[in-house]
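Report on the following structure.
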Amino acid sequence: MSVVTELGYLGLSVSDLSAWGAYAAEVAGMEVVDEGEGDRLYLRMDLWHHRIVLHADGSDDLAYMGWRVAGPQEFAAMQEKLSAAGIPFTVGSEVEASERRVLGLLKLADPGGNPTEIFFGPQVDTHKPFHPGRPMFGKFLTGSQGIGHCILRQDDVEAAARFYELLGLRGSVEYHLPLPNGMVAQPYFMHCNDRQHSVAFGLGPMEKRINHLMFEYTDLDDLGMAHDIVRGKKIDVALQLGKHANDQALTFYCANPSGWLWEFGWGARHSTGQQEYYTRDIFGHGNEAAGYGMDIPL
Ligand code: MBD
Ligand code: FE
(Lines give C-alpha, C1' and ligand atoms only; values in the text may rest on other atoms or scores of the structure.)
(Ligands and ions follow the chains in the order given, each with its own letter.)
Protein backbone atom coordinates (compact mmCIF):
# COMPACT_ATOMS: atom_id res chain seq x y z
CA MET A 1 0.00 0.00 0.00
CA SER A 2 1.35 3.33 -1.01
CA VAL A 3 0.10 6.42 0.78
CA VAL A 4 1.20 10.03 0.74
CA THR A 5 3.00 11.12 3.90
CA GLU A 6 2.83 14.91 3.76
CA LEU A 7 1.92 17.98 1.75
CA GLY A 8 5.53 18.60 0.81
CA TYR A 9 5.69 21.55 -1.56
CA LEU A 10 3.60 24.13 -3.37
CA GLY A 11 4.01 26.17 -6.55
CA LEU A 12 2.25 29.52 -6.62
CA SER A 13 1.68 31.64 -9.72
CA VAL A 14 2.11 35.30 -8.87
CA SER A 15 2.07 38.58 -10.77
CA ASP A 16 4.19 40.70 -8.41
CA LEU A 17 7.26 38.66 -7.53
CA SER A 18 8.99 41.43 -5.57
CA ALA A 19 5.90 42.18 -3.45
CA TRP A 20 5.64 38.45 -2.77
CA GLY A 21 9.30 38.16 -1.75
CA ALA A 22 8.89 41.05 0.69
CA TYR A 23 5.66 39.61 2.12
CA ALA A 24 7.06 36.12 2.60
CA ALA A 25 10.19 37.45 4.34
CA GLU A 26 9.00 40.47 6.29
CA VAL A 27 5.51 39.34 7.25
CA ALA A 28 5.74 35.55 7.46
CA GLY A 29 9.47 35.17 8.21
CA MET A 30 10.25 32.73 5.40
CA GLU A 31 13.72 32.62 3.83
CA VAL A 32 13.60 33.97 0.29
CA VAL A 33 16.16 32.46 -2.09
CA ASP A 34 16.84 33.92 -5.52
CA GLU A 35 18.94 31.55 -7.63
CA GLY A 36 18.95 33.98 -10.56
CA GLU A 37 16.46 32.24 -12.88
CA GLY A 38 14.60 35.55 -13.11
CA ASP A 39 11.14 34.00 -13.25
CA ARG A 40 10.94 32.55 -9.74
CA LEU A 41 11.82 32.83 -6.07
CA TYR A 42 12.15 29.97 -3.61
CA LEU A 43 10.72 30.12 -0.10
CA ARG A 44 12.37 28.04 2.61
CA MET A 45 10.67 27.10 5.87
CA ASP A 46 13.17 24.51 7.08
CA LEU A 47 16.19 22.64 5.71
CA TRP A 48 14.54 21.61 2.43
CA HIS A 49 15.86 23.37 -0.67
CA HIS A 50 12.46 25.05 -0.71
CA ARG A 51 8.89 24.43 0.35
CA ILE A 52 7.26 26.97 -1.97
CA VAL A 53 8.19 28.21 -5.45
CA LEU A 54 6.81 31.59 -6.50
CA HIS A 55 6.48 31.57 -10.31
CA ALA A 56 6.17 34.99 -11.93
CA ASP A 57 3.57 33.98 -14.49
CA GLY A 58 0.72 36.17 -13.49
CA SER A 59 -2.31 34.08 -12.63
CA ASP A 60 -2.18 34.75 -8.86
CA ASP A 61 -3.36 31.28 -7.97
CA LEU A 62 -2.13 27.85 -6.96
CA ALA A 63 0.16 26.44 -9.68
CA TYR A 64 0.62 22.92 -8.22
CA MET A 65 0.75 21.03 -4.96
CA GLY A 66 3.25 18.27 -4.21
CA TRP A 67 2.35 15.24 -2.08
CA ARG A 68 5.26 13.14 -0.80
CA VAL A 69 5.57 9.38 -0.76
CA ALA A 70 8.31 7.70 1.25
CA GLY A 71 10.56 6.31 -1.47
CA PRO A 72 10.92 4.58 -4.82
CA GLN A 73 8.87 1.48 -3.88
CA GLU A 74 5.95 3.63 -2.73
CA PHE A 75 6.37 5.77 -5.85
CA ALA A 76 6.02 2.68 -8.07
CA ALA A 77 3.11 1.33 -6.01
CA MET A 78 1.32 4.67 -6.25
CA GLN A 79 1.55 4.50 -10.05
CA GLU A 80 0.00 1.03 -10.00
CA LYS A 81 -2.77 2.22 -7.69
CA LEU A 82 -3.58 5.24 -9.88
CA SER A 83 -3.57 3.11 -13.03
CA ALA A 84 -5.88 0.53 -11.46
CA ALA A 85 -8.27 3.33 -10.46
CA GLY A 86 -8.23 4.72 -14.01
CA ILE A 87 -6.71 8.05 -12.96
CA PRO A 88 -4.52 9.52 -15.70
CA PHE A 89 -1.03 10.75 -14.77
CA THR A 90 2.30 11.37 -16.42
CA VAL A 91 5.71 10.50 -15.01
CA GLY A 92 7.89 13.58 -14.80
CA SER A 93 11.06 13.60 -16.89
CA GLU A 94 14.51 13.95 -15.31
CA VAL A 95 14.43 17.63 -16.22
CA GLU A 96 11.06 18.06 -14.52
CA ALA A 97 12.25 16.20 -11.43
CA SER A 98 15.38 18.29 -11.12
CA GLU A 99 13.37 21.47 -11.62
CA ARG A 100 11.32 20.46 -8.55
CA ARG A 101 14.46 19.30 -6.67
CA VAL A 102 13.11 15.78 -6.20
CA LEU A 103 14.21 12.31 -7.31
CA GLY A 104 10.93 11.53 -9.05
CA LEU A 105 7.44 12.91 -9.57
CA LEU A 106 4.07 12.20 -11.14
CA LYS A 107 1.80 14.89 -12.57
CA LEU A 108 -1.96 14.60 -12.44
CA ALA A 109 -5.03 16.65 -11.51
CA ASP A 110 -7.46 16.25 -8.64
CA PRO A 111 -11.22 16.13 -9.43
CA GLY A 112 -11.42 19.93 -9.05
CA GLY A 113 -8.74 20.29 -11.74
CA ASN A 114 -6.06 21.36 -9.28
CA PRO A 115 -2.59 20.44 -10.61
CA THR A 116 -1.30 17.71 -8.31
CA GLU A 117 2.12 16.11 -8.09
CA ILE A 118 3.22 13.03 -6.19
CA PHE A 119 6.95 12.92 -5.50
CA PHE A 120 9.66 11.21 -3.54
CA GLY A 121 13.15 12.28 -2.48
CA PRO A 122 13.22 16.04 -1.94
CA GLN A 123 16.58 17.85 -1.91
CA VAL A 124 17.32 18.66 1.72
CA ASP A 125 20.11 21.19 2.28
CA THR A 126 21.31 20.06 5.69
CA HIS A 127 24.43 22.20 5.19
CA LYS A 128 22.37 25.39 4.96
CA PRO A 129 20.73 26.45 8.22
CA PHE A 130 17.27 27.95 7.89
CA HIS A 131 17.70 31.74 7.98
CA PRO A 132 14.38 33.52 8.57
CA GLY A 133 13.49 36.59 6.49
CA ARG A 134 12.83 38.52 9.69
CA PRO A 135 13.82 37.76 13.28
CA MET A 136 11.96 34.72 14.64
CA PHE A 137 11.69 33.30 18.15
CA GLY A 138 11.23 29.75 16.89
CA LYS A 139 10.72 27.90 13.63
CA PHE A 140 8.08 26.84 11.18
CA LEU A 141 6.44 23.61 12.26
CA THR A 142 7.06 21.26 9.33
CA GLY A 143 8.92 17.95 9.69
CA SER A 144 6.65 14.95 9.35
CA GLN A 145 3.60 17.26 9.27
CA GLY A 146 4.58 18.90 5.96
CA ILE A 147 4.08 22.56 5.04
CA GLY A 148 0.62 23.07 6.49
CA HIS A 149 -2.80 22.86 4.87
CA CYS A 150 -4.69 24.23 1.89
CA ILE A 151 -8.38 24.82 1.24
CA LEU A 152 -9.07 23.94 -2.38
CA ARG A 153 -11.85 24.47 -4.89
CA GLN A 154 -13.84 21.30 -5.60
CA ASP A 155 -17.18 21.26 -7.49
CA ASP A 156 -17.78 17.63 -6.52
CA VAL A 157 -16.89 17.12 -2.87
CA GLU A 158 -17.57 13.35 -2.94
CA ALA A 159 -15.31 12.89 -5.98
CA ALA A 160 -12.61 14.93 -4.26
CA ALA A 161 -12.92 12.83 -1.10
CA ARG A 162 -12.57 9.57 -3.09
CA PHE A 163 -9.48 10.94 -4.86
CA TYR A 164 -7.70 12.02 -1.68
CA GLU A 165 -8.69 8.74 0.00
CA LEU A 166 -6.99 6.91 -2.86
CA LEU A 167 -3.86 8.96 -2.19
CA GLY A 168 -4.04 7.81 1.42
CA LEU A 169 -5.74 10.66 3.26
CA ARG A 170 -8.59 10.14 5.72
CA GLY A 171 -11.35 12.41 6.98
CA SER A 172 -14.85 13.72 6.43
CA VAL A 173 -17.16 16.59 7.32
CA GLU A 174 -15.93 18.36 10.48
CA TYR A 175 -18.36 21.31 10.71
CA HIS A 176 -22.03 22.05 10.18
CA LEU A 177 -22.07 25.82 9.84
CA PRO A 178 -25.49 27.48 9.49
CA LEU A 179 -25.23 30.22 6.81
CA PRO A 180 -27.27 33.46 6.73
CA ASN A 181 -29.05 32.17 3.57
CA GLY A 182 -30.45 29.17 5.45
CA MET A 183 -28.00 26.64 3.97
CA VAL A 184 -25.56 24.69 6.11
CA ALA A 185 -21.91 24.65 5.02
CA GLN A 186 -20.33 21.23 5.60
CA PRO A 187 -16.60 21.56 4.99
CA TYR A 188 -14.54 18.39 4.61
CA PHE A 189 -11.08 18.00 6.20
CA MET A 190 -8.50 15.30 5.43
CA HIS A 191 -5.21 14.25 7.02
CA CYS A 192 -2.30 11.93 6.22
CA ASN A 193 -0.04 12.46 9.26
CA ASP A 194 -0.12 14.20 12.66
CA ARG A 195 -1.22 17.46 11.07
CA GLN A 196 -4.93 17.58 11.85
CA HIS A 197 -5.71 18.40 8.22
CA SER A 198 -3.47 18.80 5.17
CA VAL A 199 -6.29 19.56 2.74
CA ALA A 200 -9.89 20.75 3.07
CA PHE A 201 -12.69 21.64 0.68
CA GLY A 202 -16.44 22.05 0.46
CA LEU A 203 -16.83 25.66 1.52
CA GLY A 204 -18.82 26.54 -1.61
CA PRO A 205 -17.89 28.05 -4.98
CA MET A 206 -14.48 29.71 -5.20
CA GLU A 207 -12.96 32.09 -7.74
CA LYS A 208 -9.47 30.64 -7.38
CA ARG A 209 -8.17 27.09 -7.01
CA ILE A 210 -7.03 27.91 -3.49
CA ASN A 211 -8.72 29.83 -0.67
CA HIS A 212 -5.85 29.71 1.81
CA LEU A 213 -2.57 28.16 2.82
CA MET A 214 -2.12 27.58 6.55
CA PHE A 215 1.30 27.23 8.11
CA GLU A 216 2.27 27.03 11.73
CA TYR A 217 4.91 28.53 14.00
CA THR A 218 6.46 26.55 16.85
CA ASP A 219 6.35 29.67 19.09
CA LEU A 220 3.29 31.71 20.02
CA ASP A 221 5.41 34.86 20.00
CA ASP A 222 6.06 34.44 16.26
CA LEU A 223 2.33 34.38 15.61
CA GLY A 224 1.94 37.49 17.75
CA MET A 225 4.77 39.23 15.91
CA ALA A 226 3.26 38.30 12.53
CA HIS A 227 -0.06 39.71 13.71
CA ASP A 228 1.57 43.00 14.80
CA ILE A 229 3.37 43.26 11.42
CA VAL A 230 0.15 42.57 9.46
CA ARG A 231 -1.73 45.19 11.50
CA GLY A 232 1.16 47.67 11.16
CA LYS A 233 1.20 47.26 7.37
CA LYS A 234 -2.62 47.54 7.26
CA ILE A 235 -2.90 44.23 5.38
CA ASP A 236 -6.51 43.00 5.06
CA VAL A 237 -7.47 40.54 7.79
CA ALA A 238 -10.35 38.31 6.68
CA LEU A 239 -10.69 36.31 9.91
CA GLN A 240 -9.46 37.76 13.18
CA LEU A 241 -7.45 35.79 15.73
CA GLY A 242 -9.38 32.79 16.96
CA LYS A 243 -9.14 29.13 17.79
CA HIS A 244 -10.52 26.44 15.49
CA ALA A 245 -12.62 23.64 16.92
CA ASN A 246 -11.00 20.91 14.82
CA ASP A 247 -7.23 21.47 15.00
CA GLN A 248 -7.57 23.84 17.99
CA ALA A 249 -4.90 26.09 16.46
CA LEU A 250 -4.80 29.79 17.28
CA THR A 251 -4.83 31.46 13.85
CA PHE A 252 -5.72 34.53 11.82
CA TYR A 253 -6.19 34.92 8.08
CA CYS A 254 -4.77 37.79 6.06
CA ALA A 255 -4.45 38.70 2.39
CA ASN A 256 -1.30 37.85 0.42
CA PRO A 257 -0.06 39.86 -2.59
CA SER A 258 -2.13 37.63 -4.94
CA GLY A 259 -5.40 38.50 -3.19
CA TRP A 260 -6.02 35.13 -1.52
CA LEU A 261 -5.36 34.23 2.10
CA TRP A 262 -2.54 32.96 4.24
CA GLU A 263 -3.60 31.54 7.59
CA PHE A 264 -0.90 32.05 10.23
CA GLY A 265 -1.17 29.62 13.12
CA TRP A 266 0.26 28.20 16.32
CA GLY A 267 -0.55 25.42 18.74
CA ALA A 268 -2.54 22.94 16.64
CA ARG A 269 -3.33 19.59 18.20
CA HIS A 270 -2.56 16.43 16.25
CA SER A 271 -5.07 14.42 14.24
CA THR A 272 -6.91 12.04 16.57
CA GLY A 273 -8.06 9.45 14.04
CA GLN A 274 -11.62 9.68 15.34
CA GLN A 275 -14.25 11.55 13.32
CA GLU A 276 -16.09 14.43 15.04
CA TYR A 277 -17.97 17.52 13.89
CA TYR A 278 -18.49 20.98 15.33
CA THR A 279 -20.99 23.79 14.87
CA ARG A 280 -18.61 26.69 15.55
CA ASP A 281 -15.07 27.53 16.57
CA ILE A 282 -13.88 27.76 20.19
CA PHE A 283 -13.50 31.56 20.17
CA GLY A 284 -12.69 34.47 17.89
CA HIS A 285 -12.21 34.19 14.10
CA GLY A 286 -14.57 37.14 13.66
CA ASN A 287 -15.18 38.20 10.07
CA GLU A 288 -13.38 41.41 9.10
CA ALA A 289 -12.31 42.17 5.49
CA ALA A 290 -14.96 40.67 3.17
CA GLY A 291 -14.57 39.18 -0.29
CA TYR A 292 -11.88 36.58 0.40
CA GLY A 293 -14.23 33.59 0.41
CA MET A 294 -14.10 33.32 4.19
CA ASP A 295 -17.27 35.30 4.93
CA ILE A 296 -18.56 32.39 6.96
CA PRO A 297 -19.74 32.39 10.57
CA LEU A 298 -17.10 30.28 12.31
C1 MBD B 1 -9.39 25.54 9.41
O2 MBD B 1 -8.07 25.52 9.24
C3 MBD B 1 -10.15 26.29 8.53
O4 MBD B 1 -9.47 26.98 7.58
C5 MBD B 1 -11.53 26.38 8.66
C6 MBD B 1 -12.33 27.22 7.69
C7 MBD B 1 -12.15 25.66 9.66
C8 MBD B 1 -11.40 24.89 10.54
C9 MBD B 1 -10.03 24.81 10.42
FE1 FE C 1 -7.43 26.62 7.49
Side-chain angles (χ1 to χ4, degrees), residues 6-7 10 12 28 45 51-52 62 65 112 114 140-142 145-154 157 160-161 164 169-180 183-217 223 226-227 230 236-256 258 260-272 274-298:
E6 65 174 287
L7 176 59
L10 289 179
L12 306 180
M45 297 170 64
R51 287 287 190 167
I52 297 173
L62 176 70
M65 55 201 313
N114 302 304
F140 289 100
L141 195 154
T142 55
Q145 296 188 50
I147 302 186
H149 72 248
C150 294
I151 290 213
L152 298 177
R153 179 172 63 203
Q154 302 290 351
V157 169
Y164 285 101
L169 291 93
R170 290 291 174 265
S172 184
V173 170
E174 289 186 356
Y175 285 84
H176 282 180
L177 295 169
L179 300 177
M183 310 254 294
V184 178
Q186 300 195 26
Y188 210 108
F189 295 79
M190 301 191 74
H191 64 272
C192 56
N193 53 42
D194 278 347
R195 190 171 296 279
Q196 198 272 339
H197 56 285
S198 292
V199 69
F201 40 81
L203 271 175
M206 288 167 43
E207 255 169 65
K208 295 182 187 287
R209 290 170 173 161
I210 188 166
N211 170 271
H212 69 261
L213 162 68
M214 184 269 198
F215 57 86
E216 196 177 338
Y217 296 111
L223 180 68
H227 190 259
V230 165
D236 276 359
V237 171
L239 285 184
Q240 297 164 343
L241 275 169
K243 207 169 162 198
H244 285 306
N246 59 354
D247 64 9
Q248 301 183 4
L250 180 67
T251 74
F252 71 97
Y253 299 58
C254 69
N256 64 40
S258 288
W260 52 277
L261 300 172
W262 271 17
E263 179 183 8
F264 295 62
W266 168 81
R269 69 168 171 169
H270 289 175
S271 34
T272 66
Q274 301 263 50
Q275 195 67 45
E276 293 180 353
Y277 82 99
Y278 317 95
T279 58
R280 52 162 290 167
D281 271 346
I282 299 171
F283 66 82
H285 282 148
N287 301 102
E288 194 174 301
Y292 291 99
M294 266 294 156
D295 311 304
I296 49 166
L298 269 173

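Each ligand, and each atom within it, is numbered from 1 in the order the structure gives. Since this is a predicted model, take the numbers as computed values, not measurements.
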Could you say whether the N/O atoms of D247 and ligand 1 ever approach to under 3.5 Å?
no
Ring-plane angle category for F252 and H227, please: parallel below 30°, perpendicular beyond 60°, tilted otherwise.
perpendicular
For E263, the ligand 1 atoms with a heavy-atom partner under 4.0 Å come out as 2 (O), 4 (O)
Evaluate the criterion side-chain hydrogen bond (donor to acceptor under 3.5 Å, both in side chains) for residue pair E263 and H149; output intermediate values, then yes/no.
CA-CA 9 Å; E263 179 183 8; H149 72 248; 3.1 Å; yes
In terms of heavy-atom contacts, I282 and R280 come closest through O-NH2, 3.5 Å
With a 6.0 Å cut-off on the ring centroids, do Y277 and Y175 count as close?
no
Begin with the C-alpha distance, continue with both residues' side-chain angles, and end with the deciding distance and a verdict on ring pair (Phe, Tyr, Trp, His ring centres under 6.0 Å) for F215 and F140.
CA-CA 7 Å; F215 57 86; F140 289 100; 5.6 Å; yes
Check this for me - ligand 1, H149, N or O atoms closer than 3.5 angstrom, yes or no?
yes
So CZ of R209 and CG of L12: to nearest 0.5 Å the spacing works out to 11.0 Å
Considering only protein heavy atoms, which is closest to atom 1 (C) of ligand 1, and at what distance to one decimal place?
H244 NE2, 3.2 Å
Suppose we only count N/O/S atoms under 2.8 Å; would H149 qualify as near the Fe ion (ligand 2)?
yes
Against heavy atoms of I151, which atoms of ligand 1 measure under 4.0 Å?
4 (O)
About how many Å separate CD of Q248 and OH of Y278, when rounded to the nearest 0.5 Å?
6.5 Å
Would you mind running through ligand 1 and noting each atom that sits below 4.0 Å from a heavy atom of H197?
1 (C), 2 (O), 9 (C)
Of the backbone atoms (N, CA, C, O) and the side-chain heavy atoms from C-beta on, which set of Y253 has a member under 4.0 Å from an atom of ligand 1: side chain, backbone, both, or neither?
side chain
M294 heavy atoms, cut-off 4.0 Å: which ligand 1 atoms fall inside?
6 (C)
Going by the order shown, which atoms of ligand 1 are within less than 4.0 Å of some heavy atom of N246?
8 (C), 9 (C)
Atom CG of L152 and atom CD1 of I210: how far apart are they, to the nearest 0.5 Å?
6.0 Å
To the nearest 0.5 angstrom, please state how far the CZ atom of F189 sits from the CD atom of E174.
6.0 Å
Nearest to the Fe ion (ligand 2), which N, O or S atom of H212 do we find?
NE2
Do you know which N/O/S atom name in E263 is closest to the Fe ion (ligand 2)?
OE1
Of the side chain and backbone of H212, name the one, both, or neither that has a heavy atom under 4.0 Å from an atom of ligand 1.
side chain
Test of proximity, D281 against ligand 1: N or O pairs below 3.5 Å
no
